[in-house]
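The chains referred to below are lettered A, B, ... by the order of the sequence lines, with proteins before strands, and numbering in each begins at 1. Basis for what follows: all heavy atoms, side chains included, without hydrogens, waters or symmetry-related copies. All values reported here derive from a predicted model rather than from experimental measurement.
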2 protein chains.
Amino acid sequence: MIDCDVHQNFNRLQDLVPWLDPQYRDFVEHGGFNGLDLPNYPWVHPGGFTMNEAAPATGGVPGSDYETLREQLLDGQDVEYAILTGEEILNVSCLPHPQLAAALATAYNRWLTEQWLPRDQRLRGSLVVASQDAPRAAAEIRAFGEHPGIVQVLLSCGALTGYGDARYDPIFRAAVEMGLPVAMHVGAEGLGMNPPPTATGFPAYYVEWHTLLSTTVQSHLVSMLCRGTFARHPELRLVVIEAGVTWLPSLLWRLDANWKALRSEVPWVRSLPSETVRQQVRFTTQPMEQPADPRHLVEALRMVDGVEEMLMYASDYPHWDFDPVALVRNRLPREWRDAVMGENARALYRLPAAKPVAAPVPA
Amino acid sequence: MIDCDVHQNFNRLQDLVPWLDPQYRDFVEHGGFNGLDLPNYPWVHPGGFTMNEAAPATGGVPGSDYETLREQLLDGQDVEYAILTGEEILNVSCLPHPQLAAALATAYNRWLTEQWLPRDQRLRGSLVVASQDAPRAAAEIRAFGEHPGIVQVLLSCGALTGYGDARYDPIFRAAVEMGLPVAMHVGAEGLGMNPPPTATGFPAYYVEWHTLLSTTVQSHLVSMLCRGTFARHPELRLVVIEAGVTWLPSLLWRLDANWKALRSEVPWVRSLPSETVRQQVRFTTQPMEQPADPRHLVEALRMVDGVEEMLMYASDYPHWDFDPVALVRNRLPREWRDAVMGENARALYRLPAAKPVAAPVPA
């Protein structure tokens with residue numbers, strides 16, 4: 001089983017200082033920088049957005065301690081590979097200062113590759129880049145892209161505009177050159193300089209904000225499809241993380257119909273958008289929707305041709321809405337299980353069959 | 001057959017001047033006011049967003065001439081009632097000047113009730129209000145609400161914040177008092193002072209903008225559900241217009257699951273959101289999604305309990321993506337047809353069985 005969304009984290013942004021370019025250390029140490037969740041992260045989960053039981057016994061925030069993560073997730077859920085996706089660092093896309101944002105992403109990537117990936121052969125990393133300066137992000141991708149533990153480039157969904165915009169193209173070009181998929185993870189919408197997270201501004205509650213996160217992903221995906229990003233980069237693979245999946249049929253029906261009627265507006269889009277998505281986009285399962293009638297989940301998914309090749313299991317450990325392996329596996333048709341629970345990710349990320357893992361240390 | 005979304009229009013905003021409060025006539029006549037589509041309406045449909053064939057032979061914009069509308073729609077599609085929803089006036093919600101916005105809405109409502117509704121017993125009107133000043137809008141609702149031809153209050157989706165926000169409550173209270181449903185119609189997102197139409201700012205193309213319009217509606221609906229608008233006003237009925245329908249199952253699955261987990265954040269929401277939607281919200285069908293496998297449309301709709309009581313046919317005449325009666329009717333299960341094509345709207349709007357209509361004048 002391969003888990004495609006595991007949030008390891010630092011305890012405090014200050015923990016990255018040893019990996020940070022010296023000219024930016026003052027910003028983090030003495031700048032009153034309260035971390036990247038910022039003083040103005042405005043939606044409060046009433047129980048905390050991470051699972052209390054994931055907090056390390058030795059102190060620190062959930063996801064910050066390798067031993068806890070190993071015990072609870074890698075061993076506890078029998079994970080063959082865990083794709084690390086960071087946590088607070090995803091909010092780097094909200095900073096107006098492009099060089100500071102890029103320096104923080106670089107510090108994170110050094111910390112990830114030096115402090116996390118060497119610890120366990122089951123861990124793989126996502127290279128976080130700051131989209132504010134795409135050429136700089138492309139250089140980051142080329143600098144780290146050959147690291148054997150790095151399996152994808154990671155963008156957060158909070159952005160000034162849709163990722164189809166020309167300014168972002170260097171990121172996709174560099175990722176394709178390095179043979180890496182690009183992942184989009186929800187987060188940082190409406191934070192810092194980013195536009196409000198919905199067309200009606202700022203939702204009042206966490207429950208609203210979280211419900212509507214899938215709409216941010218939809219706007220990026222439609223942007224990339226209409227702007228021709230996938231047509232320009234036929235080898236590009238995009239991974240959509242933590243946005244759920246059942247909104248996809250309706251979106252593709254709308255977009256396919258509109259493309260048929262409005263092709264003259266976007267003549268560079270030469271394939272049916274749903275075909276492009278099938279070929280070039282993958283979706284992690286979490287938070288997997290839970291219809292009152294559980295058959296509706298699979299019926300809805302089957303409305304997307306080839307969906308069994310497009311889905312990849314993710315737990316979202318250690319977030320509050322963690323989807324355990326058994327929950328997801330048992331809701332899928334038997335004939336999809338190997339693909340969704342592991343083989344689609346293995347093919348995408350070119351992961352070898354795992355070597356035997358040392359027996360877990362007794363708790 | 002009852003058509004719940006018919007766009008009649010004025011030719012130019014200046015046509016409303018005879019109905020406009022004198023103090024605002026200068027704004028429209030001499031203020032360089034280029035209509036409410038504004039110079040900055042930024043998405044251009046390559047073929048024009050109205051059907052060319054709906055332009056009156058005598059000149060003017062589609063929807064501006066009663067005789068053309070009668071011939072093409074009322075007679076041509078055998079309409080028992082047409083619910084008029086205006087056109088350019090919907091953009092009134094983008095104006096920063098609240099008194100000017102309210103005055104324009106009032107002028108439109110006078111024009112609607114004096115120039116359109118008396119012309120044909122099949123026409124019914126939607127009272128347009130400017131949400132910028134909700135107490136003023138509530139007064140408008142009370143002033144016009146007893147007009148026998150007015151069947152609902154109409155808000156455009158372009159707004160500073162979700163319609164669950166407390167500032168809008170006077171509008172819903174007044175509508176309930178007058179026994180009128182409130183309709184939300186897509187439009188005016190990202191225009192004038194309204195926030196960008198997606199979490200990733202301004203889409204580049206009409207095809208993107210139009211595909212993503214359903215997400216604006218989703219944010220308003222989630223806002224009203226989470227803020228308790230429906231719980232505070234159990235007699236309120238909301239009509240969602242021109243946003244399609246198949247996004248609903250996925251949205252309600254996400255919201256129901258989140259509400260179960262996060263009820264403590266919104267304790268005033270006491271019912272499952274999907275139950276509230278079933279009881280208090282209606283959806284017009286257009287633009288009805290067209291899956292490659294047509295069975296998927298009905299399968300997706302059936303995932304919403306009671307959906308056959310929630311849908312109401314709409315043509316969206318004279319827009320480019322007009323859904324003719326036959327197209328919609330033939331895609332619905334036989335046992336839904338009477339309800340969706342007319343009876344749900346008749347019950348909601350309390351429309352009597354139509355009197356016999358004079359035979360159409362030969363063209």
**Message:** Would you say that A/Glu208 contacts B/Ser219 through its side chain, given a criterion of any heavy-atom pair below 4.5 Å between the two side chains?
**Reply:** no

**Complete:** From the list B/Gln290, B/His210, B/Gln218, B/Arg295, the residue making the most non-hydrogen contacts under 4.5 Å with chain A is B/His210

**Request:** Please determine, among B/Glu265, B/Arg263, B/Glu289, B/Glu299, the option with the most heavy-atom pairs under 4.5 Å with chain A.
**Result:** B/Glu265

**Request:** Look only at the side chain of B/Arg254 and the backbone of A/Pro287, and say whether a donor-acceptor pair between them is shorter than 3.5 Å.
**Result:** no

**Request:** Report the distance from atom CG of B/Leu251 to atom OG of A/Ser214, rounding to the nearest 0.5 Å.
**Result:** 7.0 Å

**Prompt:** Does a side-chain heavy-atom distance below 4.5 Å link A/Leu255 with B/Thr211?
**Reply:** yes

**Message:** Under 3.5 Å, is there a donor on one side chain and an acceptor on the other for A/Thr215 and B/Thr215?
**Reply:** no

**Prompt:** Among A/Leu262, A/Val266, A/Val222, A/Asn258, which one satisfies side chain to side chain contact (heavy atoms under 4.5 Å, CB included) with B/Tyr205?
**Reply:** A/Val266

**Request:** Find the one option among A/Gly164, A/Gly158, A/Ala243 whose heavy-atom pairs under 4.5 Å with chain B are most numerous.
**Result:** A/Ala243

**Asked** A/Trp253 vs B/His296 aromatic rings, parallel, tilted or perpendicular, using cut-offs 30° and 60°?
**Response** parallel

**Prompt:** Quick one: does A/Thr216's side chain get under 4.5 Å of B/Thr200's, heavy atoms only?
**Reply:** yes

**Asked** Quick one: of A/Leu160, A/Asp256, A/Leu225, A/Leu252, who has the most non-hydrogen atom pairs under 4.5 Å with chain B?
**Response** A/Leu160

**Message:** Is the distance from the ring center of A/Trp259 to that of B/Tyr206 below 6.0 Å?
**Reply:** no

**Message:** Side chains of B/Thr198 and A/His220, heavy atoms from C-beta outward: is any pair under 4.5 Å?
**Reply:** no

**Request:** Identify which of B/Ser264, B/Ser223, B/Gly244 forms the greatest number of heavy-atom pairs closer than 4.5 Å to chain A.
**Result:** B/Ser223

**Close side-chain approach of B/Pro291 to A/Met303, heavy-atom, < 4.5 Å** = no

**Prompt:** With side chains defined as the heavy atoms from C-beta onward, is the minimum distance between B/Pro195 and A/Pro195 less than 4.5 Å?
**Reply:** no

**Item:** Choice from B/Ala261, B/Ala159, B/Pro196 maximising heavy atom contacts with chain A below 4.5 Å
**Value:** B/Pro196

**Asked** What residue in B/Cys226, B/Ala257, B/Ala292 has the most heavy-atom pairs under 4.5 Å with chain A?
**Response** B/Cys226

